[in-house]
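Written out below as structure tokens is the structure these notes cover.
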Amino acid sequence: MKTHSLYIDGQFVPSSSANLLDVIDPAKAERLAVVPDAVAADVDRAVAAARRAFDAGPWRETTAQDRGRVLFKLAEAVRDRAAELAELETRNTGKPIVEAEFDIADVATCFEYYGGLATKIHGDVIPVPDNAMSLALREPIGVAGQIVPWNYPLLMASWKLAPAICAGCTTVLKPAEQTPLTVLALASSFADAGLPPGVVNIVTGVGETAGAALVGHPSVDKIAFTGSVEVGKTVMRDAAATLKKISLELGGKSPNIFFADSDFDVAVEGALFGVFFNQGEVCSAGSRILVERPIYRKFVDAMVEKARTITVGQPLDRETRLGALVSRDQFDRVRAYQDIGKREAKLAAGGGAASGPSLDRGYFVEPTIFYDVDNSHRIAREEIFGPVAAVIPFDNEADALRIANDTYYGLAAAVWSRDIFRALRMVKNLRAGIVWVNHMQPTYVEAPWGGYKQSGFGRELGKWGVDEYLNVKQVYINLSEQPIGWY
Ligand code: NAD
């Protein structure tokens, strides 16, 4: 079993504290590794390294082409090490290996995309009156503090590291305490990819200590946070003391809406994929399944029949489609919501822990479907972050829209219909940062990602993602050689 270190200033170094965190394989409920439980002094060292690299190091002088090449090399390193990283991600998160392989491929694509974007960042020339020129320059914001969750550990890290490097920032990234292993593994490729010491630093530890120290640190210029709404609010409060720029990618309770005219079989598959993918541990999970009344009963029955075919199993088995939940805490949380659902609505499938010869020791639950759910129920209002579907009937378009928007979240939504006019009316009126039509979950590095309402603010991915790491500097140039002529 490996004992890991922090990655600061281009070196793997011990923490100032002797405290360690256990990293668990949730499919076997056994210890996989230990990592430092970093304290404020470690965060200070990491931020100082990032600050030096930004203010005085060679990074400041690198060209956009250089940064692009570093990102291309990182993409290449991820591809070279894809099998190792996917297996490690699966062991640490419990997600099926076939899904981890997709994640790692997306990590490489993310570095590659931002490698290409590095040379396309430019400012504007603004026509102003008078004999003058006004420029808007785009400059890296400085040292970024980046905090990520456990559901897509390396992918969420790449969504943050790649645009920051692209913009010319330096960073201190804190992975989730449950899942620090893949980003630490990738750190061993940073120097070979050409990242100078201090540009990317990785500090493992718990949110309340290492995370909070990063958010409150006076030398950090920006915080990029992905996680729960509750912690997002704490981050916002803590960042206020130093008035940092922040971006928050938070949770959701996303509606997946099925009209009676949608292609039935495709729609049923879309409902299951939307909510059970990655064990339902997805911020954009379609956990509220809204179905138009004429197809409602038939739809629930078809979902149940198909859900029975989902293989719950050891995540390294290539046949597995639903692996283990990430931790004992998450298992207990999902089990509690399964019980709440049984009191609030009708159970159609699942409803408990999953059992089987290979599932005894890990944190496995059954794919669970509740129906006749009312949108006021807790299972329709609170983010469960597990494979638990709440199916809600609706009468017509207005009713679907009312129910869909009746949530304090606004991350994502999906609409299924063969009527393009209706689909577009729904798209226009749904209050969510991402709306899919006749699909749910495809995510592309080229396109923006982020929430409305309490699902957060700021955007990741695409050209929007890099904007979060840039400042705009206005430059006025007087072209006239005349005196100003006021006094
Ligand atoms: P979480 O909010 O508990 O933790 C997220 C991260 O914040 C972790 O690294 C944690 O250590 C850190 N943290 C905790 N307390 C902190 C504090 N006081 N100060 C600074 N950092 C702190 O979330 P989680 O349980 O790891 O992840 C699940 C949540 O993440 C869900 O709500 C999910 O919807 C959300 N999520 C959102 C997106 C998105 O793109 N919108 C993507 C993935 C996950």
Side-chain angles (χ1 to χ4, degrees), residues 1-24 31-54 57 59 74 77-78 81 84-85 88-89 91-93 107 142-150 153-154 156-158 160-162 164-165 169-193 195-227 235:
M1 193 196 44
K2 190 162 176 189
T3 301
H4 289 270
S5 307
L6 307 174
Y7 183 78
I8 296 177
D9 214 8
Q11 308 281 337
F12 286 98
V13 293
S15 163
S16 318
S17 130
N19 294 344
L20 296 169
L21 295 171
D22 287 342
V23 181
I24 303 296
R31 198 160 60 163
L32 198 57
V34 289
V35 297
D37 182 6
V39 291
D42 298 317
V43 172
D44 279 348
R45 272 192 297 153
V47 172
R51 191 79 256 167
R52 271 194 310 276
F54 184 78
W59 191 240
L74 283 172
V78 171
R81 300 177 61 187
E84 168 209 343
L85 292 169
L88 190 58
E89 199 76 303
R91 284 190 191 281
N92 195 179
T93 58
V107 170
V143 175
Q146 306 182 312
I147 299 173
V148 293
W150 45 255
L154 194 58
M156 291 297 103
S158 72
K160 294 202 170 1
L161 294 177
I165 295 169
C169 290
T170 60
T171 86
V172 177
L173 182 134
K174 194 200 83 62
E177 42 272 55
Q178 300 86 346
T179 55
L181 299 186
T182 42
V183 76
L184 283 173
L186 186 62
S188 66
S189 295
F190 286 170
D192 286 347
L195 271 178
V199 174
V200 175
N201 306 274
I202 313 287
V203 175
T204 57
V206 299
E208 294 76 5
T209 315
L214 198 51
V215 174
H217 205 292
S219 289
V220 171
D221 300 296
K222 181 227 156 51
I223 289 289
F225 172 82
T226 300
V235 166

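- At least one donor-acceptor pair closer than 3.5 Å links the side chain of N201 to the backbone N or O of T171.
- Using a 4.5 Å cut-off on side-chain heavy atoms (C-beta onward), L184 and I202 make contact.
- Among all heavy-atom pairs drawn from S188 and F12, the shortest one is N-CZ, 3.9 Å.
- Of all the heavy atoms in S219 and V47, the pair that sits closest is CB-CG1, 3.6 Å.
- The nearest pair of heavy atoms linking G145 to V220 is N-CG1, 3.6 Å.
- For the residue pair G205 and K174, the shortest heavy atom distance occurs at O-NZ, 2.9 Å.
- Side-chain atoms of R91 and T182 include no donor-acceptor pair closer than 3.5 Å.
- The closest side-chain donor-acceptor pair between T179 and N92, if any, does not fall under 3.5 angstrom.
- A donor-acceptor contact shorter than 3.5 Å links the side chain of T170 to the backbone of A50.
- No side-chain heavy atom of V13 sits under 4.5 Å from any side-chain heavy atom of S5.
- With D37 contributing its side chain and L21 its backbone, the two residues share no donor-acceptor pair below 3.5 Å.
- At a threshold of 4.5 Å between non-hydrogen side-chain atoms, the residues L186 and L154 count as touching.
- In this structure a side-chain-to-backbone donor-acceptor pair under 3.5 Å is missing from D192 to S189.
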message = I'd like to know whether D44 forms a salt bridge (Lys or Arg N to Asp or Glu O under 4.0 Å) with R51, so could you lay out the CA-CA distance, the side-chain angles of the two residues, the decisive distance to 0.1 Å, and finally the verdict.
response = CA-CA 10 Å; D44 279 348; R51 191 79 256 167; over 6 Å; no
ask   = Given R52 and D9, is the salt bridge (Lys or Arg N to Asp or Glu O under 4.0 Å) satisfied, shown in steps?
value = CA-CA 9 Å; R52 271 194 310 276; D9 214 8; 3.0 Å; yes
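- Put simply, the side chain of C169 does not reach to within 4.5 Å of the side chain of Q146, judged on heavy atoms.
- Considering all non-hydrogen atoms of both residues, S17 and D42 come closest at N-OD2, 4.4 Å.
- Here the side chain of T3 pairs no donor or acceptor atom with the backbone of V34 at under 3.5 angstrom.
- Panel note: side chain R45, backbone A40; no donor-acceptor pair is recorded below 3.5 Å.
- For A210 against V43, the heavy-atom pair with the smallest separation is O-CG2, 3.7 Å.
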